[in-house]
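The structure appears below as structure tokens.
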Amino acid sequence: MEDYISEIKRRGEATLEKFLLLLTEETILSEKRAESLHNIRNKHVHLIDETNKLMDSAVKLKNNEVTMKVEEFIKVKKNLKDYDQLSTSQYLASNSYFIYLFALFDQFILEIAKLSLKNNPTIMQNYKNYCISYFESGQDKNLYKILPYENQLIDYLSNFSSPISVITKILGIDFKKEIYASHYFNFIEMKERRNLIVHRGTFYDQLYFKTIKKYLSKFPQNKLNKFL
């Protein structure tokens with residue numbers, strides 16, 4: 001049992017180390033982007049100020065036309081484009097880091113689940129019972145082929161649409177308890193944000209809210225509304 005607990009701690013530390021390495025890299029890149037933005041502004045600040053003054057004058061004169069030298073207009077246009085590209089790159093990079101951080105966390109949870117199954121007979125029996133019920137419900141008719149083989153059955157955990165739902169059921173974890181609830185709410189939101197970014201884009205949509213509501217439907221409505 002001690003070796004089992006030590007292995008869980010070791011893998012947890014390894015996952016945290018990966019988290020920190022990834023966050024350090026993101027911080028370095030963010031600082032470089034901030035420096036680039038600062039340099040661009042310092043280089044063209046007089047052009048931006050002049051543009052603002054011209055625009056202010058145009059508004060005061062109720063004139064929609066702004067007169068600028070061609071070379072100045074080109075520089076200002078390039079300056080604004082540089083700002084936009086740096087902002088976009090930061091946004092995309094932050095999304096990619098978030099996706100990978102969540103993948104590392106998801107992977108860690110699966111590793112811990114499989115370790116628990118291999119080292120705890122009670123948990124393994126609960127898992128077998130779950131798999132038998134899953135097979136009898138007709139959701140996977142081929143599952144009976146591996147029911148007698150524990151190692152294959154453990155590997156099968158990855159095939160479930162939501163392994164974390166399976167493992168929490170066989171562990172008997174009740175997320176409605178106050179100690180777990182806020183963590184579970186945040187996990188569901190992160191999971192759906194990851195799905196949103198990967199599959200549908202970068203701005204929340206109705207499916208994002210609908211899926212969160214589905215997962216959290218067993219919680220009191222006032223808690224769900226507050227979270228949303």
Side-chain angles (χ1 to χ4, degrees), residues 8 11-12 14-27 29-30 33 84-85 87-117 127 130-131 133-134 137-140 142-143 153-228:
I8 288 178
R11 296 196 186 192
T15 301
L16 283 174
E17 186 176 355
K18 290 178 182 178
F19 279 3
L20 291 173
L21 287 171
L22 199 58
L23 290 170
T24 299
E25 186 67 19
E26 203 279 336
T27 300
L29 290 177
S30 292
R33 282 191 293 268
D84 184 58
Q85 287 181 337
S87 177
T88 302
S89 72
Q90 183 172 14
Y91 186 68
L92 293 173
S94 294
N95 281 344
S96 66
Y97 282 120
F98 170 78
I99 291 167
Y100 194 62
L101 281 166
F102 188 82
L104 288 172
F105 176 72
D106 222 14
Q107 185 181 44
F108 172 66
I109 293 297
L110 195 59
E111 287 177 354
I112 297 307
K114 289 183 177 181
L115 273 174
S116 300
L117 292 171
Y127 178 57
Y130 181 91
C131 288
S133 297
Y134 191 79
S137 67
Q139 296 187 65
D140 188 341
N142 294 317
L143 187 58
L153 205 59
I154 290 171
D155 288 336
Y156 185 85
L157 180 62
S158 305
N159 293 348
F160 287 103
S161 59
S162 179
I164 192 171
S165 297
V166 177
I167 200 67
T168 50
K169 282 181 182 178
I170 64 176
L171 288 174
I173 297 174
D174 183 5
F175 285 120
K176 287 185 178 181
K177 290 183 178 180
E178 199 64 34
I179 192 173
Y180 300 128
S182 62
H183 298 300
Y184 184 65
F185 273 50
N186 287 327
F187 171 77
I188 292 300
E189 191 284 323
M190 287 189 293
K191 179 174 178 290
E192 290 315 306
R193 195 189 329 167
R194 177 262 175 203
N195 291 340
L196 173 70
I197 294 170
V198 171
H199 299 296
R200 304 193 301 281
T202 54
F203 297 100
Y204 67 83
D205 55 14
Q206 288 304 310
L207 182 58
Y208 165 82
F209 284 112
K210 182 179 178 181
T211 311
I212 290 176
K213 288 177 182 178
K214 176 185 174 184
Y215 276 108
L216 304 180
S217 60
K218 294 182 180 180
F219 288 85
Q221 190 63 43
N222 62 329
K223 279 192 175 183
L224 176 58
N225 291 340
K226 184 178 179 181
F227 181 71
L228 291 175

Heavy-atom pair with the smallest gap, counting every atom of F219 and A181: CE2-CB, 4.1 Å
Counting C-beta onward and ignoring hydrogens, is there a side-chain heavy-atom pair between F102 and R193 closer than 4.5 Å? no
Is the gap between the ring centers of Y134 and F160 under 6.0 Å? yes
Is any side-chain heavy atom of Y127 less than 4.5 Å from a side-chain heavy atom of L157? yes
Report yes if the side chains of L196 and Y204 come closer than 4.5 Å at any heavy-atom pair, otherwise no. yes
Take a 6.0 Å sphere around NZ of K18 and say whether it holds more than 12 heavy atoms from other residues, nucleotides or ligands. no
Any donor-acceptor N/O pair, N186 side chain to S182 backbone, under 3.5 Å: yes
Does E192 pair with K214 as a salt bridge, N-O distance under 4.0 Å? no
pair L117-I170: side-chain heavy atoms closer than 4.5 Å: yes
Does any non-hydrogen side-chain atom of S116 lie less than 4.5 Å from one of I112? yes
Atom CG in L101, atom CG in L22: separation rounded to 0.5 Å? 4.5 Å
Output for pair (I173 CD1, Y184 OH), nearest 0.5 Å, gives 11.0 Å
Within 6.0 angstrom of F98 CZ, more than 12 heavy atoms from elsewhere: yes
T211 (side chain) donor-acceptor with Y208 (main chain) under 3.5 angstrom: no
Is the CZ atom of F209 crowded by more than 12 outside heavy atoms at less than 6.0 Å? yes
OH-CD1 distance between Y130 and I167, expressed to the nearest 0.5 angstrom: 10.5 Å
Please report the C-alpha distance between L115 and R11 in whole Å, then the side-chain angles of each, then the deciding distance to 0.1 Å, and finally whether the side chain to side chain contact (heavy atoms under 4.5 Å, CB included) criterion is met. CA-CA 10 Å; L115 273 174; R11 296 196 186 192; 3.8 Å; yes
If you count heavy atoms of other groups shown closer than 6.0 angstrom to CG of L21, is the number above 12? yes
Given side chains that start at C-beta, do those of F187 and F175 come closer than 4.5 Å, heavy atoms only? no
Taking side chain as C-beta onward, heavy atoms only, is E111 less than 4.5 Å from I8? no
Measure the spacing between OH of Y215 and NZ of K210 and express it to the nearest 0.5 Å. 13.0 Å
Rounded distance [0.5 Å steps], CG in L104 versus CG in L16: 10.5 Å
Taking the side chain from K218 and the backbone from K176, do they hold a donor-acceptor pair closer than 3.5 Å? no
Are K213 and Q221 side-chain neighbours, meaning at least one heavy-atom pair lies under 4.5 Å? no
Heavy-atom closest pair (E189 atom, F227 atom, distance to 0.1 Å) is CB-CZ, 3.7 Å
To the nearest 0.5 Å, what is the distance between CD1 (I109) and CD1 (I164)? 5.0 Å
